[in-house]
S.K.: 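Quick one: the structure is below, questions incoming.
What you see is a predicted model; the values in this text were computed from it and never measured. Start at 1 and go down the list; that is how both ligands and their atoms are numbered.
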Amino acid sequence: MPAQPIVGLHHVTAIASDPQANLDFYTQVLGLRFVKRTVNFDDPGTYHFYFGDDIGSPGTILTFFPWPRVGRGSAGAGEVTHTAFSIPLASIAYWEQRLTAKRITFQRSPRRFNEELLTFADPAGMQIELVAHAESGAVHAPRFSDVPAEHAIRGFFGVTMLHIEATETAHILAVMGFHKIAEEGNRLRFAAPNQTPALGNHIDIVVDPRAATGRPGAGSVHHIAFRAANDESQLEWRAEITQHLPATEVLDREYFHSIYFREPGGVLFELATDNPGFAIDEPLESLGERLCLPPWLEARRPGLEQRLPAITLHKGEAEGLNSPDPHASCELFRAGVPLEKAVGVVILLHGRGGPARDILTLSRALASDSLPLAFLAPEAEGMAWYPNSFLADRDQNQPFLDSALARVQSVVDLALAAGIPRERIVLAGFSQGACLATEFLATHPARYAGLIAWTGGLIGPPGSDLSHPGNLAGTPALFASSDPDAWVPWPRVQESAKILTAMGADVTLRSYPGKPHSVSGEEIELARHLIHHAFDALPSTA
Ligand code: ZN
């Protein structure tokens with residue numbers, strides 16, 4: 001076996017349709033760098049796009065042939081069905097929020113092996129996974145991306161191939177130094193042995209004897225390329241592989257040198273060298289900004305530039321979630337009576353994933369004919385008030401947390417402007433919204449009509465000082481929570497109740513062993529009781 005191993009994927013090449021949609025998705029949604037704008041060397045009238053990390057490192061490169069008129073492909077046996085990127089374990093919430101804000105439908109899948117993952121389709125229908133795992137490693141964060149470096153895509157995690165049976169593919173993978181390291185259901189995982197975690201070193205085969213054959217087209221993976229350390233190693237590996245399969249001669253791909261061979265299951269494999277890399281024909285600072293052509297096509301540049309569809313590369317544009325005040329203009333949903341006819345206001349703050357109209361359905365249970373209330377529910381930008389757990393360092397949830405608190409203040413101000421005093425405003429929320437409501441009351445202390453925290457508590461890391469100065473002057477506060485709860489530890493709820501009691505709140509604390517993470521009928525009844533009692537105790541406004 002050659003001295004230098006194949007350590008994982010070098011690049012993945014897929015078929016796209018609309019070039020601009022492809023460019024926008026990978027740079028503006030996934031935050032990758034556009035590292036090369038060139039043409040398909042075998043069909044120079046069409047583009048070849050390369051995306052990757054800031055310097056176009058091997059193991060980060062996803063490339064596309066955008067063919068505007070190609071039909072959609074359908075994934076099937078003998079194909080790569082999913083391409084997975086690696087993200088840090090702590091970044092899953094950030095990506096959920098970002099994809100939601102970008103209106104990308106995604107699925108959060110049950111744990112696979114030891115990883116959390118999000119699955120979604122790109123504009124051409126290609127199935128992409130973001131895999132959050134502990135060994136995600138360092139990153140050359142793309143310089144024009146608005147994804148914070150700590151959450152940036154690291155490069156490939158791996159790929160999933162679908163096969164009717166795996167024996168022969170497993171054999172050729174073994175020839176290449178990849179051995180089965182794990183198995184879960186009908187998913188087999190192969191990896192090359194390596195000292196440190198390598199990018200793209202998870203080659204999964206899902207075995208389904210009844211799988212139909214796929215149809216190539218937009219969204220299909222064209223081939224996957226593995227990494228050869230250098231030209232010499234590539235030739236050694238070629239000698240090894242050609243004992244089992246036919247392979248091409250070495251081809252000059254300008255940015256790397258390649259051999260190709262089709263594995264027995266039907267997927268086209270490539271072995272590509274790390275060198276010379278993407279800075280060979282343009283400066284690192286301006287990768288992707290102009291059309292790069294290999295020397296033998298340079299003479300045809302004017303004709304090619306005219307023929308290729310015009311595209312615009314957007315760099316570093318801040319919008320929505322990137323603003324310093326992301327929730328400032330988030331939408332406000334209303335239910336109940338209009339503010340000018342209300343004797344009181346209930347501000348309802350939804351949990352992560354929202355939407356506001358879901359929590360607003362509680363208005364029917366909380367109001368009554370004898371108590372005309374206005375219900376106001378702001379909807380968080382990206383459906384989450386802050387990206388990380390409420391137990392994380394507060395800095396990790398900024399600027400979202402401060403923006404969310406400011407948004408609650410602006411809704412309070414709206415009620416105040418309508419002539420409804422704080423003593424007639426109830427702050428209520430579920431889960432993340434309950435944490436936000438509690439945090440708002442503690443950091444803006446005054447006599448409110450009440451606080452309803454369904455499964456939530458004060459925000460901050462365990463062991464930190466959560467106390468706040470100020471006087472709540474008898475504000476009724478309900479803490480009702482499941483115990484245990486997957487997101488909100490019961491001791492934090494107890495601690496929050498204690499702190500608010502010390503601030504002068506009139507606290508009711510209820511735990512429900514084994515209750516699901518939702519608002520139960522009994523918790524709604526407790527809230528209804530709190531609200532009616534709070535308004536009974538006040539002088540009539542009739
Ligand atoms: Zn390739």
S.K.: Kindly confirm whether the Zn ion (ligand 1) is within less than 2.8 Å of some N/O/S atom in H11?
M.R.: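 Within the cut-off used here (under 2.8 Å), H11 does place an N, O or S atom near the Zn ion (ligand 1).
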S.K.: Would you check if the Zn ion (ligand 1) lies under 2.8 Å from any N, O or S atom of H222?
M.R.: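 Coordinating: no.
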S.K.: Quick test of your reading of the model: are D325 and R407 salt-bridged, counting only N-O distances below 4.0 Å?
M.R.: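 No, this pair does not count.
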S.K.: How wide is the angle at the Zn ion (ligand 1) spanned by E270 OE1 and H223 NE2, rounded to 10 degrees?
M.R.: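 For OE1 of E270 and NE2 of H223, the angle centred on the Zn ion (ligand 1) reads 90°.
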S.K.: Is the closest basic N to carboxylate O distance between E116 and R108 below 4.0 Å?
M.R.: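 Salt bridge: yes.
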S.K.: Quick one: closest heavy-atom pair of E282 and V35, and the distance?
M.R.: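 Where E282 meets V35 most closely, the heavy atoms are OE2-O, 3.7 Å.
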S.K.: When T160 is tested against each of H202, H82, R187 for side chain to side chain donor-acceptor pair (under 3.5 Å), which residue passes?
M.R.: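 The option that passes is R187.
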